[in-house]
Undergrad: 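Have a look at this one before I ask anything.
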Number of protein chains: 2
Amino acid sequence: MNARPPINPVPVNPVAAARTSLAAPALYEQVAERLRTRIYAHELAPGAWIDEQSLADEFGISRTPLREALKVLAAEGLVVLKPRRGCYVAALAERDLDEIFPVLALLEGRVAEEATRRLAGLEAGVGRLASADFSRLEEIHADLERHAAAHDIDRFFAANQEFHSALQELAGNRWLSQLIDDTRKFLKLTRRDSLRLDGRLKQSLAEHRAILAAMKKQDAAAAALHMHNHILSGRAALAKLLVQP
Amino acid sequence: MNARPPINPVPVNPVAAARTSLAAPALYEQVAERLRTRIYAHELAPGAWIDEQSLADEFGISRTPLREALKVLAAEGLVVLKPRRGCYVAALAERDLDEIFPVLALLEGRVAEEATRRLAGLEAGVGRLASADFSRLEEIHADLERHAAAHDIDRFFAANQEFHSALQELAGNRWLSQLIDDTRKFLKLTRRDSLRLDGRLKQSLAEHRAILAAMKKQDAAAAALHMHNHILSGRAALAKLLVQP
DNA sequence: TCGAATAATACTGTATCCATAATTATGAAT
DNA sequence: ATTCATAATTATGGATACAGTATTATTCGA
């Protein structure tokens with residue numbers, strides 16, 4: 001018993017280790033990813049029952065890895081496992097949105113704050129590094145302006161994600177990023193996109209500009225506040241979208 | 001195919017649904033819970049390899065539900081799954097603590113803020129309800145004082161958890177609570193307990209008093225700040241504990 | 001004709017089995 | 001003696017098979 005001793009003797013950082021696997025991801029992980037995609041695309045709609053057997057057939061795999069994938073998704077909160085009843089796609093209520101967005105605003109605000117501080121620290125210490133990072137943000141923002149002008153919502157959406165990601169990276173707190181990513185996952189369940197609201201693109205741009213301006217002035221508190229409001233403003237747009245989709 | 005249609009037609013709230021299961025929890029869930037206990041107790045130490053077969057034998061189950069449980073724990077971050085290499089208990093580095101605590105401070109601070117606001121709102125609206133909630137907090141705090149006087153660290157620890165839980169409940173944001181719980185799970189990996197530091201009990205009490213006082217004055221911002229500092233102060237104590245354990 | 005009890009169905013949950021890949025041990029060659 | 005290659009060991013990953021239970025359909029009685 002216990003014939004193969006632990007090879008890797010020590011520290012396993014849970015966050016970093018996720019990307020340690022250079023090898024092909026396990027089947028259950030691939031399946032989980034496919035399922036996420038389907039859920040986000042609403043091919044598997046919120047509240048829908050997930051038929052293990054037919055999905056396994058469709059994927060050409062057995063139920064075992066599929067079930068493992070479902071366990072993972074359940075732990076993430078994307079699906080709900082009811083004992084002896086099966087697996088259902090999670091559904092967000094309006095109340096959930098009201099609770100999620102303030103939390104997200106808090107977290108993203110902190111990211112902006114930390115990023116600004118980091119930027120200021122780097123500028124003082126390392127010199128050129130900071131301006132490189134900041135100009136990257138400005139580049140992304142320029143893309144946003146372009147896509148907004150072209151009314152290309154999809155690209156705007158992508159660039160927007162990039163903007164927030166870059167900011168998270170700058171902030172440099174992996175745990176903070178993790179929580180934000182976890183939280184944003186849920187929002188993808190709604191698929192309703194506040195950017196589709198008339199005038200939201202322009203408004204979003206203005207908010208981004210405010211954030212960038214605050215960062216440029218190295219005013220971390222202001223950056224946090226603007227980001228905070230930016231997220232809540234997204235919630236407000238979503239609410240409007242609900243009554244007149 | 002798809003013979004049994006989805007019975008439960010619609011909204012499945014991921015958070016609330018977790019406790020919907022009146023039925024006995026699935027085996028994999030029980031196993032996951034046992035594993036969590038072992039991990040927290042350091043019977044399965046950070047970095048240790050998890051031998052599926054021997055654990056399954058020990059639990060008297062097959063590997064299947066055990067593996068499902070491990071997938072869940074991996075999604076939670078308590079263990080790390082390396083493809084074809086097996087499963088290892090996660091380990092936190094000092095740097096992780098430095099990143100986690102500020103985030104936790106942020107979240108807990110928000111809880112204090114929301115709870116205070118809620119309290120004020122209830123007082124205006126419902127009347128007696130608020131004072132009942134607040135006196136419950138004061139009761140728990142009284143317990144804390146007692147246990148501290150008796151140098152009963154274990155009970156103090158328990159009451160402390162209760163205090164924070166009660167506050168979370170008062171704040172009434174399930175998503176916020178969820179994130180906090182998720183985050184605190186990791187801290188249990190360290191098992192190092194800042195309360196064991198000399199003088200920390202008294203300090204912790206003082207900080208709690210400050211929080212309660214701010215709440216009583218319905219000063220939400222102050223409550224948030226005191227809570228924020230309280231958490232960071234816990235981190236500082238932990239750091240001291242590291243050099244002289 | 002409608003309701004209740006019972007039988008049939010099929011899905012979930014668990015166990016067993018097999019294939020594959022990784023690691024260690026063994027042996028040969030430098 | 002040390003290092004590299006090869007083979008044996010064994011644990012992981014996946015598939016299949018089976019048992020138990022919830023749901024649905026059917027049948028019997030009122």
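Lettering follows sequence order; numbering is per chain, from 1. Predicted, not measured: the structure shown is a model, and the values here were computed from it.
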Undergrad: Could you tell me whether B:Glu29 and A:Lys71 have a side-chain N and a carboxylate O separated by less than 4.0 Å?
TA: no
Undergrad: Kindly say if B:Trp49 contacts the phosphate of D:dT12, meaning a side-chain N or O under 4.0 Å from OP1 or OP2.
TA: yes
Undergrad: Between P on C:dT12 and CG on A:Leu55, what's the gap in Å once rounded to a whole number?
TA: 10 Å
Undergrad: Pick base, sugar-phosphate or nothing for B:Glu52, based on heavy-atom distances below 4.0 Å to the nucleic acid.
TA: sugar-phosphate
Undergrad: Which pairs, protein N/O on one side and nucleotides 16-18 of chain D N/O on the other, fall under 3.5 Å?
TA:
residue, atom, partner, partner atom, Å
D:dT16, O4, A:Thr64, OG1, 3.3

Undergrad: Atom CD of A:Glu29 and atom C1' of D:dT12: how far apart are they, to the nearest Å?
TA: 16 Å
Undergrad: Please state whether the rings of B:Phe186 and A:Trp175 are parallel, tilted or perpendicular, taking 30° and 60° as the class boundaries.
TA: perpendicular
Undergrad: Touch check for A:Ile50, heavy atoms < 4.0 angstrom, all strands: base, sugar-phosphate only, or nothing?
TA: sugar-phosphate
Undergrad: Tell me whether B:Arg235 is salt-bridged to B:Glu94, with the criterion being a basic N under 4.0 Å from an acidic carboxylate O.
TA: yes
Undergrad: Could you tell me how far apart A:Leu27 (CG) and C:dA19 (C1') are, to the nearest whole angstrom?
TA: 14 Å
Undergrad: Does OP1 or OP2 of C:dT23 have a side-chain N or O of B:Arg85 closer than 4.0 Å?
TA: yes
Undergrad: What integer distance in Å separates A:Arg67:CZ from C:dT14:C1'?
TA: 8 Å
Undergrad: In whole angstrom, what separates B:Tyr28's OH from C:dA15's P?
TA: 15 Å
Undergrad: For A:Ser233 and A:Arg200, does a side-chain donor sit closer than 3.5 Å to a side-chain acceptor?
TA: yes
Undergrad: Go through B:Asp182 and B:Lys185 one step at a time and tell me if the salt bridge (Lys or Arg N to Asp or Glu O under 4.0 Å) criterion holds.
TA: CA-CA 5 Å; B:Asp182 287 349; B:Lys185 250 198 324 244; 3.6 Å; yes
Undergrad: If you go through the side-chain atoms of A:Arg84, does one of them form a donor-acceptor pair with the base of C:dT12 closer than 3.5 Å?
TA: yes
Undergrad: What is the distance from CG of A:Asp51 to C1' of D:dT23, rounded to the nearest Å?
TA: 14 Å
Undergrad: Can you tell me how far P of C:dT12 sits from OH of A:Tyr88, to the nearest Å?
TA: 9 Å
Undergrad: To the nearest Å, how far apart are A:Gln30 CD and D:dG13 C1'?
TA: 12 Å
Undergrad: Is B:Gln168 close to B:Leu176 at the side-chain level, that is, under 4.5 Å between some pair of heavy atoms?
TA: no
Undergrad: Select one nucleotide: of D:dA15, C:dT12, D:dG13, the one nearest the side-chain heavy atoms of A:Ile61.
TA: D:dA15
Undergrad: Can you list the steps and then say if B:Leu78 with B:Val89 is a side chain to side chain contact (heavy atoms under 4.5 Å, CB included)?
TA: CA-CA 6 Å; B:Leu78 282 184; B:Val89 179; over 6 Å; no
